[in-house]
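Here's the structure, in structure tokens; my notes come after.
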Amino acid sequence: MTVPCATDQRRVWLRVGTLLDGISTQPLRNAHAVYDKNRILFVGEDSPPPHLVNPGQQKPDLDLPHYTLLPGLIEAHAHFFLEGGELDLEKRAAHLNKTPSELLKLARPRLEKLVRLGVVAVRDAGDKDGVGLALSRLCACADRPLMPYVDSPGAAIHHLGRYGGFMAEPIESFDSLRQCVEARVKAGADRIKLIPTGIINFKGGAVTAAPQMTTEEICELAAAAKSFGKQTFAHASGDDGIERVIDGGVDSIEHGFFVRADQLSKMRDRRIAWVPTFAPVQKQIDHANLMGWDAEVVLNLKRILDQHASALVKAHELGVQIIAGSDAGSYGVMHGLGFLDELELMDRAGLPPTAVINSATGTSSMRLGFKEKFGQMSPGFLSRFILTRYSPLDGVANLRKSKVVIFDDNVFESDESFDSGGL
Ligand SMILES: [Zn+2]
């Protein structure tokens, strides 16, 4: 099976057994899709009208009753400046001392690898070395290389001396909260990243530090961002920190460990999306020996993940907008491959496969205000999608298996020889 490359003139017409559009809860069956190198022209269960296919073309280029077509994946939380696959703690610490240009040089080769894995867009989640901003600029330039769409908040915002110093610049460097946000916008930030809380204390099995921002501060930062036309995303775990970011009016909550059911209802009502990031905690279990965690800590970690899984299912039942992001770059969470781990963890947590796929495609594209149209199999969206004979409806882990990635006028066949070095 060889998928033809689309061009400006040459349209490609596929018929597939199953089509996931990234939005619907039910797949289309025996569906047609027509696209050129720029965009999708037609999707539907009926044959496309003649004016949308190549002149004189009577039947699809390929009829693939055993294949599934779905949008390319959107990774909504990754740190390009970090290498997730590096498991040596000393090397990870040394990595943080590299210069911005060294970090950017290490990040660049990840771009094409992500495309080959089927990741067509990445929302970078912040660094203070300008790596994400440089990649966002690269994405916007006229001679853009083969790369996913990338956008970035630049440096995250935190309080001096509190959690996040490795990826953030403190509020204290500015005269006001508004000036702090304005400086990010002037530096080219596509959105604003806040760090209102610390992280989970794995030994304590809870978020033990008090939140670092007040509700009033979060409100003011989010309002300033909005006045510049930017969305806000907030790192928050622990229910009192989560309460503050909900009341602060952010666009999405990242991590959200220990979120309560009543808070999920508020998030739904206020259209605050949730990016649950299971992978970084799972990796602490997978690599407990390397991390030096004893049996008691591992039990804590498992309990936290079980609780998180229940919250995810509850969020889905309540209708919270769930968006997939892996926190790639964190310990053990590789770029791209770690995102596939995240989707599998959401599947294992009990989210229906279509909901997992939608969280990684259509929900993201609808909610996060990206500058390009991807993440849906709908007319007008970019021609960036995945074709696979291993249906993700039979288990999202199937997305790891061999697949075809269609990306504009490129067609990539993924295979086992994929080099995951540097991710
Ligand atoms: Zn993060």
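Computed from heavy atoms alone, side chains included, the values below leave out hydrogens, waters and symmetry copies. As the structure lists them, so they are numbered: ligands from 1, and atoms in each ligand from 1. Quantities reported herein were computed from a predicted structural model and do not represent experimental measurements.
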Q | K283 bridged to D341 by N-O distance under 4.0 Å | A | yes

(Q) At a threshold of 2.8 Å, where the distance has to be below it, does the Zn ion (ligand 1) have an N, O or S atom of H77 nearby? (A) yes

Q | Within 45° cone of F374 ring axis and under 6.0 Å: R384 NZ or CZ | A | no

(Q) So that I can check it, does any N, O or S atom in H79 come closer than 2.8 Å to the Zn ion (ligand 1)? (A) yes

(Q) Let me check your reading of the structure: within less than 2.8 Å of the Zn ion (ligand 1), is there an N/O/S atom from D327? (A) yes

Q: In plain terms, say whether D151 and K371 are close enough for a salt bridge, that is, a side-chain N and a carboxylate O under 4.0 Å apart.
A: no

Q) Do E83 and K91 sit within salt-bridge range, that is, some charged N less than 4.0 Å from a carboxylate O? A) no

